[in-house]
**Q** 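I'd like to ask some things about the structure below.
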Amino acid sequence: MNLTAKHTIYGCYLGYITQAIVNNLPPLLFLTFHNQFGISLEKISLLITVNFCIQILIDFLAPGIVKKVGYRAVGITSFLVTTLGLTGFSWLPFVLPNAYAGILICMTLNAIGGGILEVIVSPIVEACPSENKESAMSLLHSFYCWGHMGVVILSTVFFVAIGIDSWRYLPSLWALVPLFTCMMFLKIPIYSIEGDDEETQLPGGIFKSRIFWVLFLLMICAGASEQAVSQWSSLFAEDGLGVSKTVGDLLGPCAFAFFMGLSRLLYGIKGDKLNIRHGLLGTSALCIVGYLITSLSPIPLLSLAGCALCGFSVGLMWPGLFSLGAVLCRGGGTMMYAMFALAGDVGCSAGPTVVGFVTDAVGSMKTGIMAALVFPALLFIVMLGLQKNSAKEKTTDTTAAGDLRSQE
């Protein structure tokens, strides 16, 4: 079979679905781990911290590893590691003397595999020949949202149909996704990444580029804007509407992921007609509106609608900033994507932390959400500045061209 760039992009779609699996399946089982193995909630919380720290470490290490062994070898390794991590849930906690140690090993393997995928998938797609790279990037990132939804919905169906007591078979079923993708990565073409060699790399490196640090800050804001609402949307649905956790998960995180994926899908289809800077400016403004509705509405259902609006508005932020970085920091290479992923991860931790800290201090989650408004607001202000600078540069170029024609 003659594999082309389209197959490479399809493989990357599955890569983001794999990342969605390893990030969102274990939390669905945390309560089961607590009940079946007697693991304290403090130790379960530690699993989340370990996952975050390992992904940050991978963000630092991945560029050097990729440079030595190449994208294909690193990609294959990531899928093998995630396959081992997912299937390990089915037996490691049962054969080791300490069940928590087995779960921790699986979480570590998943964090390693997922962290690698977060770094390599976007630059692989960016390097593929395509007419509109911004649209391709947005469509790619939408598959994380569809993967998130699929994990929640299909796993819930499994628990209802088969029973929660048979949970140990579920991770092995989900492991078929990375296993299949691993076989794809053995054959798909992988194109050279601009900036990974001396001829195409950014002069002086990305760390000496001012615009890189501006985009790094914006990536933190993007991750925080997304997770500050997403992490608490289930509780919003449960407490505000008085529904069960299952229904809360479907109305909260699942709805959030749907609208986030929808915005990415729409941009992926129609993105060639939208300027990415205008898009980021507009979506950050829309996100501010979503935060205000969520935190100020006295009607629970309207607050939940505000959460969904936040999901739609943040959809373009992460892939949009990746695409903007590819233009403004041309030649940044793998290191740029890794640092953007690191910044996004920091934001994903900072957003919910701010909400949780303020909520504990004042006793109101809506006030906590309001405090996190600082992240989309900062993104909007900085993007407005970039937009004005871009307009000035175009005016200067036009004036210079007019002067040149006059001289001629």
**Q** What are the two closest non-hydrogen atoms of Met260 and Gly315, and how far apart are they?
**A**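 The answer is CG-CA, 3.5 Å.
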**Q** To check you understand the geometry: which heavy-atom pair defines the closest contact between Ala338 and Val119, and what is its length?
**A**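 Distance-wise, the nearest heavy atoms are CB-CG1, 3.8 Å.
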**Q** Which distance, rounded to the nearest 0.5 Å, do you find between the CD1 of Ile112 and the CD1 of Ile54?
**A**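 The distance works out to 5.5 Å.
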**Q** Can you list the steps and then say if Leu96 with Ile105 is a side-chain contact (heavy atoms from CB on, under 4.5 Å)?
**A** CA-CA 11 Å; Leu96 292 181; Ile105 291 172; 4.1 Å; yes
**Q** Verify, without hydrogens or angle tests, whether Asn51 (side chain) and Leu47 (backbone) share a donor-acceptor contact under 3.5 angstrom.
**A**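 No.
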**Q** With heavy-atom distances below 4.5 Å as the criterion, would you say the side chains of Ile103 and Leu92 are in contact?
**A**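 Ile103 does not reach Leu92 side chain to side chain.
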**Q** If we check side chain to side chain contact (heavy atoms under 4.5 Å, CB included) with Val382, which of these qualifies: Leu378, Leu384, Leu379?
**A**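 Between Val382 and the candidates, side chain to side chain contact (heavy atoms under 4.5 Å, CB included) is satisfied uniquely by Leu378.
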**Q** Does the ring center of Tyr100 lie less than 6.0 Å from the ring center of Phe37?
**A**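 Ring-ring flag for Tyr100/Phe37: false, centres at least 6.0 Å apart.
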**Q** So does Val346 get a backbone contact from the side chain of Ser349, meaning a donor-acceptor N/O pair under 3.5 Å?
**A**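 Answer holds: no.
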**Q** Is there side-chain contact between Ser135 and Ile269, with heavy atoms separated by less than 4.5 Å?
**A**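 The answer is no, as the side chains (C-beta and beyond) never meet within the 4.5 Å cut-off.
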**Q** So, the side chain of His7 versus the backbone of Ile188: is there a donor-acceptor pair under 3.5 Å, distance only?
**A**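 No.
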**Q** Measure across Thr83 and Ala175 and return the closest heavy-atom pair with its distance rounded to 0.1 Å.
**A**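 Where Thr83 meets Ala175 most closely, the heavy atoms are OG1-O, 4.0 Å.
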**Q** Determine whether Phe89 and Met107 make a side-chain contact, defined as any pair of heavy atoms from C-beta on separated by less than 4.5 Å.
**A**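 When only atoms from C-beta onward are counted, Met107 and Phe89 do touch, with a gap below 4.5 Å.
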**Q** Can you name the closest pair of heavy atoms from Ser142 and Gly261 and give their distance?
**A**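 Minimum heavy-atom separation between Ser142 and Gly261: CB-O, 3.7 Å.
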**Q** Taking the side chain as C-beta and beyond, is there a heavy-atom pair between Tyr71 and Thr334 under 4.5 Å?
**A**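 In short, these two side chains touch, coming nearer than 4.5 Å.
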**Q** Kindly give the heavy-atom pair with the smallest separation between Thr82 and Gly113, and that separation in Å.
**A**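 Closest approach of Thr82 to Gly113: CG2-CA, 3.5 Å.
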**Q** Hey, are the side chains of Leu139 and Arg264 touching, using non-hydrogen atoms and a 4.5 Å cut-off?
**A**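 No, their side chains stay 4.5 Å or more apart.
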**Q** Take Leu265 and Trp146, measure what side-chain contact (heavy atoms from CB on, under 4.5 Å) needs, and give me the verdict at the end.
**A** CA-CA 10 Å; Leu265 178 63; Trp146 309 134; 4.1 Å; yes
**Q** Count the heavy atoms of every other residue, nucleotide or ligand shown that sit under 6.0 Å from CZ of Phe207, and state whether that count exceeds 12.
**A**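 More than 12 heavy atoms, drawn from other residues, nucleotides or ligands, come within 6.0 Å of this atom.
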**Q** Spell out, as yes or no, whether a donor-acceptor pair under 3.5 Å connects the side chain of Arg72 to the backbone of Phe185.
**A**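 Yes: the side chain of Arg72 pairs with the backbone of Phe185.
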**Q** Would you indicate whether Tyr10, at its atom OH, is surrounded by more than 12 heavy atoms from other residues, nucleotides or ligands within a distance under 6.0 Å?
**A**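 Atom OH in Tyr10 is not packed in, count stays at 12 or less.
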**Q** Do Pro178 and Leu86 come close enough that some side-chain heavy atom pair is under 4.5 Å?
**A**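 Yes, side chains in contact.
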**Q** Kindly compute the distance separating CG (Leu179) from OG1 (Thr87), expressed to the nearest 0.5 Å.
**A**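 One finds 9.5 Å between CG of Leu179 and OG1 of Thr87.
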**Q** Can you tell me how far the CG atom of Leu176 sits from the OG1 atom of Thr181, to the nearest 0.5 Å?
**A**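 Answer for the CG-OG1 pair, Leu176 versus Thr181, is 10.5 Å.
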**Q** Do Trp167 and Phe33 make the cut of ring centroids closer than 6.0 angstrom?
**A**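 Yes, ring centres under 6.0 Å apart.
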**Q** Working note: Ser313 + Thr283, criterion side chain to side chain donor-acceptor pair (under 3.5 Å); need CA distance, chi angles, decisive distance, verdict.
**A** CA-CA 5 Å; Ser313 62; Thr283 54; over 6 Å; no
**Q** Look up atom CD in Glu126 and atom NZ in Lys133, then write down how far apart they are to the nearest 0.5 Å.
**A**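 One gets 5.5 Å once the value is rounded to the nearest 0.5 Å.
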**Q** Compute the ring centroids of Tyr144 and Tyr13, then answer whether they are less than 6.0 Å apart.
**A**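 Ring-ring flag for Tyr144/Tyr13: false, centres at least 6.0 Å apart.
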**Q** Decide yes or no on side-chain contact (heavy atoms from CB on, under 4.5 Å) for Leu29 and Phe159, but give the supporting numbers first.
**A** CA-CA 11 Å; Leu29 300 171; Phe159 294 145; 3.7 Å; yes
**Q** A quick test of your reading: do over 12 heavy atoms of other residues, nucleotides or ligands sit less than 6.0 Å from CH2 of Trp91?
**A**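 For Trp91, atom CH2 is not crowded (no more than 12 foreign heavy atoms under 6.0 Å).
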**Q** Which atom pair, heavy atoms only, marks the closest approach of Cys145 to Ala257?
**A**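 That closest heavy-atom pairing would be CB-O, 3.3 Å.
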**Q** Nearest 0.5 Å please: distance from the CG atom of Leu28 over to the OG atom of Ser155.
**A**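 Here the interatomic distance stands at 5.5 Å.
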**Q** For Met219 and Met317, run side-chain contact (heavy atoms from CB on, under 4.5 Å): C-alpha distance rounded to whole Å, both residues' side-chain angles, the deciding distance at 0.1 Å, then the answer.
**A** CA-CA 8 Å; Met219 280 300 302; Met317 292 180 181; over 6 Å; no
**Q** Using distance alone, with no hydrogens and no angle criterion, decide if Lys366 and Ser297 have a side-chain donor and acceptor under 3.5 Å apart.
**A**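 Lys366 vs Ser297: no donor-acceptor pair found between side chains.
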**Q** With side chains defined as the heavy atoms from C-beta onward, is the minimum distance between Met184 and Phe79 less than 4.5 Å?
**A**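 No - every pair of side-chain heavy atoms lies 4.5 Å or more apart.
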**Q** Check whether any side-chain heavy atom of Val121 lies under 4.5 Å from a side-chain heavy atom of Leu140, and answer yes or no.
**A**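 Touching, per the 4.5 Å side-chain cut-off.
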**Q** Can any side-chain N or O of Tyr291 pair as donor or acceptor with the backbone N or O of Leu286 at less than 3.5 Å?
**A**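 Absent.
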**Q** Side chains of Thr294 and Ser303: is there a donor and an acceptor less than 3.5 Å apart?
**A**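 Note: Thr294 and Ser303 side chains miss the donor-acceptor criterion.
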**Q** Verify whether the ring centers belonging to Phe322 and His141 lie closer than 6.0 Å.
**A**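 Phe322 vs His141: aromatic centres under 6.0 Å.
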**Q** Got a donor-acceptor contact below 3.5 angstrom from the Ser295 side chain to the Ile369 backbone?
**A**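 No; judged by distance alone, with no hydrogens or angles, the pair does not exist.
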**Q** Supply the atom-to-atom distance Gln19 CD to His148 NE2, rounded to the nearest 0.5 angstrom.
**A**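 One finds 12.0 Å between CD of Gln19 and NE2 of His148.
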**Q** Does Phe256 form a ring-ring contact (aromatic ring centres under 6.0 Å, His included) with Phe312? I'd like the steps, not just the answer.
**A** CA-CA 7 Å; Phe256 187 94; Phe312 186 85; over 10 Å; no
**Q** Applying side chain to side chain contact (heavy atoms under 4.5 Å, CB included) between Gln55 and each of Val50, Asn23, Leu342, report the one that passes.
**A**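 Only match with Gln55 under side chain to side chain contact (heavy atoms under 4.5 Å, CB included): Asn23.
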**Q** Quick check with a 6.0 Å cut-off and a 45 degree axis cone: is Arg168 positioned over the face of Phe94's six-membered ring?
**A**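 Flagged: Arg168 positioned over aromatic ring of Phe94.
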